[in-house]
Amino acid sequence: MSAPAIWALALHGGAGPTREKSYAREEAHMAALLDRGAAMLAQGAPALDVVVALVSELEACGFHIAGRGSAPNAAGEWELDASLMDGATRKAGAVAALKGFESPISCARAVMEKTPHVLLVGAGAEAFCAAQSLTRIDDPHDYYTPAASRLVQPGELAHGTVGAVARDDAGRLAAATSTGGLLRKTQGRVGDAPLIGAGTWADGRCAVSCTGQGEFFIRANVAADVSARMAYARQSVHAAAAGALADMEALGGDGGLIAVDAEGNVALPFVSEGMKRAWATSSGAREVKTFR
Ligand code: ASP
């Protein structure tokens, strides 16, 4: 008989939730994705495949400010950001301010696998994705959800993102993050989500995906800081995640992150009002939650 699988998985749907709203629909969808990711990991799927599959679903569902749920920028255009990192190889791929493609995380994966580069932006990114036959959006006004247009009213969510981190049965770690970014953002604005080290990180110690006010996450280099604290200060993933987030908060930002370490420990700290999140491990732990 083979040894039981050891795996861990966490998802987030952004740190934008406010208490006036119900997130039952989002939580039910995340619970279903958790089951799907758990089944993949239990069957030995690589962590990278699992985080990409789950982030693609989070993009496609239109419930979060990423992929289909994204809102337009101040110029009325949809510019999306995404990145992923494979901890086993330290390979990474990203796209920023990408227009016209359904799944930015699939585009980021193609950058990682098909080019010697990490990050493609603008017209070059679009030409590359088209050459890779990645799925295009014909009419953004038709494709992006009415829920996203509702969100651009004053007083609604300020931001949102989706992400996934996993530790697979072979001990590999991976992280993926995708976002429509801040609502009403300036044309050309790029947040932390596509920046390796700021919004996404994975190595042999941990995999991290962040959500929140990206400018502060960039200035605190939050995702890579979790790993640095584990390496240099010998902190647990919980202490390192809390410390990296506190450093970001001290600059004046808010948000949260999900992180998993090489032993399958999961940390999901946030300093915002809520963070849509879900996690499960092979030892039976499982939770889907938005507020504390
Ligand atoms: N971090 C994202 C950005 O700044 C937004 C978010 O996570 O809600 O683009």
Do the side-chain N and O atoms of [X] and [Y] include a donor-acceptor pair separated by under 3.5 angstrom?
{"X": "Thr177", "Y": "Thr200", "value": "yes"}
{"X": "Thr18", "Y": "Glu273", "value": "no"}
{"X": "Glu77", "Y": "Gln187", "value": "yes"}
{"X": "Glu27", "Y": "Thr290", "value": "yes"}
{"X": "Asp261", "Y": "Asn265", "value": "yes"}
{"X": "Asp81", "Y": "Thr179", "value": "no"}

Any side-chain heavy atom of [X] within less than 4.5 Å of one from [Y]?
{"X": "Met248", "Y": "Leu245", "result": "yes"}
{"X": "Val260", "Y": "Val237", "result": "no"}
{"X": "Cys61", "Y": "Arg68", "result": "no"}
{"X": "Met112", "Y": "Leu48", "result": "yes"}
{"X": "Gln213", "Y": "Asp192", "result": "no"}
{"X": "Phe216", "Y": "Glu249", "result": "no"}
{"X": "Leu182", "Y": "Arg189", "result": "yes"}
{"X": "Thr115", "Y": "Phe128", "result": "yes"}

task = Report the C-alpha distance between Arg90 and Asp86 in whole Å, list the side-chain angles of each, state the deciding distance to 0.1 Å, and finish with yes or no for salt bridge (Lys or Arg N to Asp or Glu O under 4.0 Å).
result = CA-CA 5 Å; Arg90 293 273 288 273; Asp86 178 16; over 6 Å; no
key: Residues Glu263 and Arg167 bridged, charged N to O under 4.0 Å   =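 Salt bridge absent between Glu263 and Arg167.
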Salt-bridge contact Asp49-Arg109 (side-chain N to carboxylate O under 4.0 Å) =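 Salt bridge present between Asp49 and Arg109.
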Tell me if a side-chain donor or acceptor on [X] pairs with a main-chain N or O of [Y] at a distance below 3.5 Å.
{"X": "Ser83", "Y": "Gly93", "answer": "no"}
{"X": "Arg205", "Y": "Val226", "answer": "no"}
{"X": "Ser178", "Y": "Pro104", "answer": "no"}
{"X": "Lys185", "Y": "Gly180", "answer": "yes"}
{"X": "His238", "Y": "Val266", "answer": "yes"}
{"X": "Asp168", "Y": "Ala47", "answer": "yes"}

Within this structure, what is the [atom1]-[atom2] distance for the pair [X] and [Y], rounded to the nearest 0.5 Å?
{"X": "Asp169", "Y": "Trp7", "atom1": "CG", "atom2": "CH2", "result": "10.5 Å"}
{"X": "Phe101", "Y": "Tyr143", "atom1": "CZ", "atom2": "OH", "result": "12.5 Å"}
{"X": "Ile137", "Y": "Leu80", "atom1": "CD1", "atom2": "CG", "result": "7.5 Å"}
{"X": "Phe217", "Y": "Cys210", "atom1": "CZ", "atom2": "SG", "result": "5.5 Å"}
{"X": "Gln235", "Y": "Cys206", "atom1": "CD", "atom2": "SG", "result": "11.5 Å"}
{"X": "Asn221", "Y": "Ser227", "atom1": "CG", "atom2": "OG", "result": "10.5 Å"}

When hydrophobic residues are tied together by side-chain contacts of less than 4.5 Å, even through go-betweens, does [X] share a cluster with [Y]?
{"X": "Phe270", "Y": "Phe291", "value": "no"}
{"X": "Met40", "Y": "Leu84", "value": "yes"}
{"X": "Met85", "Y": "Leu173", "value": "no"}
{"X": "Leu41", "Y": "Ile105", "value": "yes"}
{"X": "Val162", "Y": "Met30", "value": "yes"}

Non-hydrogen atoms of His64 and Gly13 that approach each other most closely =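 In this case the closest contact between His64 and Gly13 is ND1-O, 3.4 Å.
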key: Minimum heavy-atom distance between Arg292 and Val271, given as atom pair plus value   =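 Minimum heavy-atom separation between Arg292 and Val271: NH2-CA, 4.2 Å.
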message = If you count every heavy atom of other residues, nucleotides or ligands that lies below 6.0 Å from Arg234 atom CZ, does the total exceed 12?
response =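 Open.
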message = Tell me if the CG atom of Asp138 is crowded by more than 12 foreign heavy atoms within 6.0 Å.
response =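 Result for CG/Asp138: open.
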ask   = side chain to side chain contact (heavy atoms under 4.5 Å, CB included) with Val288: which of Leu34, Leu11, Leu33?
value =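 Exactly one pass, corresponding to Leu34.
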message = One pair to check against salt bridge (Lys or Arg N to Asp or Glu O under 4.0 Å): Arg277 and Glu287. What are the steps and the verdict?
response = CA-CA 8 Å; Arg277 62 197 187 280; Glu287 186 175 54; 5.0 Å; no
query = Do Arg25's NZ or CZ and the ring of Phe63 fall within the cation-pi criteria of under 6.0 Å and 45°?
reply =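 The answer is yes; both the distance and angle limits are met.
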ask   = When the ring centroid of Trp279 is compared with that of His12, is the distance short of 6.0 Å?
value =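 No, the ring centres sit 6.0 Å or more apart.
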query = Under the salt bridge (Lys or Arg N to Asp or Glu O under 4.0 Å) criterion, do Arg219 and Asp247 qualify, and how do the steps go?
reply = CA-CA 10 Å; Arg219 290 163 58 202; Asp247 188 38; over 6 Å; no
